[in-house]
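The block underneath contains the structure these notes are about, expressed in structure tokens.
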Amino acid sequence: MKGTATPSFELDARDSVPRPPVHAAANPGGPADGDDGRSGTAIITRTKPKTKRPSLYRVLLLNDDYTPMEFVVHVVEKFFNKSQEDAYQIMMHVHQNGVGECGIFTYEVAETKVTQVMDFARKHQHPLQCVMEKK
Ligand code: TYC
């Protein structure tokens, strides 16, 4: 918008800091609506802090016929911070149902988990698959 004659509205969704409105006293000769009285531009100020909840992603393990059960239990403990008992239940759920959830995370954390699990499985030459899906 800079350098054009088009009215510009500077409203940053990430800006959660409320700012005082532009008023006439700080805006000599202009009305109290943010118009600078000169170039036809205006600044809209947010009064209510606007927060956005991040999208969440399930991280899933897929069953296969070759990865040892103990290896899957270890993966779930190591990368998803589960107890041995919870990790065993998750592994058995995947073994019996074909797919199962290890945790729910924001995009970047989920992506990191998937990469860590896939790299670890490959390093140990197991075909274990880990994927993420938007909730
Ligand atoms: N089905 C595998 C076996 O019988 C065990 C297994 C469980 C593999 C979960 C992958 O995500 C998995 N050895």
Side-chain angles (χ1 to χ4, degrees):
M1 278 305 152
K2 247 176 219 152
T4 72
T6 313
S8 104
F9 301 96
E10 301 192 5
L11 210 162
D12 187 342
R14 294 165 301 181
D15 184 359
S16 62
V17 180
R19 299 190 197 171
V22 176
H23 50 81
N27 194 13
D33 64 359
D35 192 318
D36 71 2
R38 220 169 28 82
S39 59
T41 61
I43 295 172
I44 297 174
T45 54
R46 196 192 297 290
T47 51
K48 195 168 91 186
K50 187 176 174 186
T51 56
K52 283 191 299 166
R53 285 168 297 124
S55 299
L56 294 177
Y57 295 78
R58 291 191 179 97
V59 175
L60 308 171
L61 282 180
L62 308 184
N63 189 39
D64 66 73
D65 292 338
Y66 306 103
T67 305
M69 290 185 170
E70 311 76 58
F71 182 82
V72 178
V73 172
H74 180 60
V75 162
V76 176
E77 288 180 63
K78 180 180 174 73
F79 295 109
F80 299 97
N81 307 314
K82 301 293 189 187
S83 68
Q84 195 172 55
E85 292 72 24
D86 286 356
Y88 181 80
Q89 291 304 321
I90 290 169
M91 181 281 296
M92 283 306 294
H93 178 94
V94 177
H95 177 68
Q96 291 166 349
N97 297 278
V99 59
E101 182 182 291
C102 296
I104 300 173
F105 307 97
T106 56
Y107 184 88
E108 286 194 347
V109 175
E111 199 182 36
T112 299
K113 301 282 183 194
V114 169
T115 301
Q116 287 174 332
V117 170
M118 295 297 285
D119 288 353
F120 191 68
R122 188 176 303 117
K123 179 171 127 181
H124 292 272
Q125 303 193 320
H126 296 309
L128 180 64
Q129 296 291 302
C130 184
V131 300
M132 59 195 273
E133 94 176 5
K134 198 169 194 295
K135 266 185 68 114

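Hydrogens, waters and symmetry mates play no part in the numbers below; they use all other heavy atoms, side chains included. For ligands, and for the atoms within them, numbers begin at 1 and follow the listed sequence. Since this is a predicted model, take the numbers as computed values, not measurements.
Grouping the Ile, Leu, Val, Met, Phe, Trp and Tyr side chains by contacts below 4.5 angstrom, directly or via other members, places Y107 with V109.
Ring pair Y57/F105: centre-to-centre distance not below 6.0 Å.
Within 4.0 Å of ligand 1, contacts by protein heavy atoms are made from L61, L62, N63, D64, T67, M69, V72, M91, V94, H95, L128.
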Quiz: residues 60-77 side-chain donor-acceptor pairs under 3.5 angstrom, not counting sequence neighbours:
from, atom 1, to, atom 2, distance (Å)
D64, OD1, Y66, N, 2.7
D64, OD1, T67, N, 2.6
D64, OD1, T67, OG1, 3.1
D64, OD2, T67, OG1, 2.8
T67, OG1, L128, N, 3.2

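A donor-acceptor pair under 3.5 Å links the side-chain atoms of Q129 to the main chain of P127, judged by distance alone. Judged by distance alone, with hydrogens and angles left aside, the side-chain atoms of N97 form a donor-acceptor pair with the main-chain N or O of H93 at under 3.5 Å.
When every heavy atom of F79 is checked against every heavy atom of K113, the shortest pair comes out as O-NZ, 2.9 Å.
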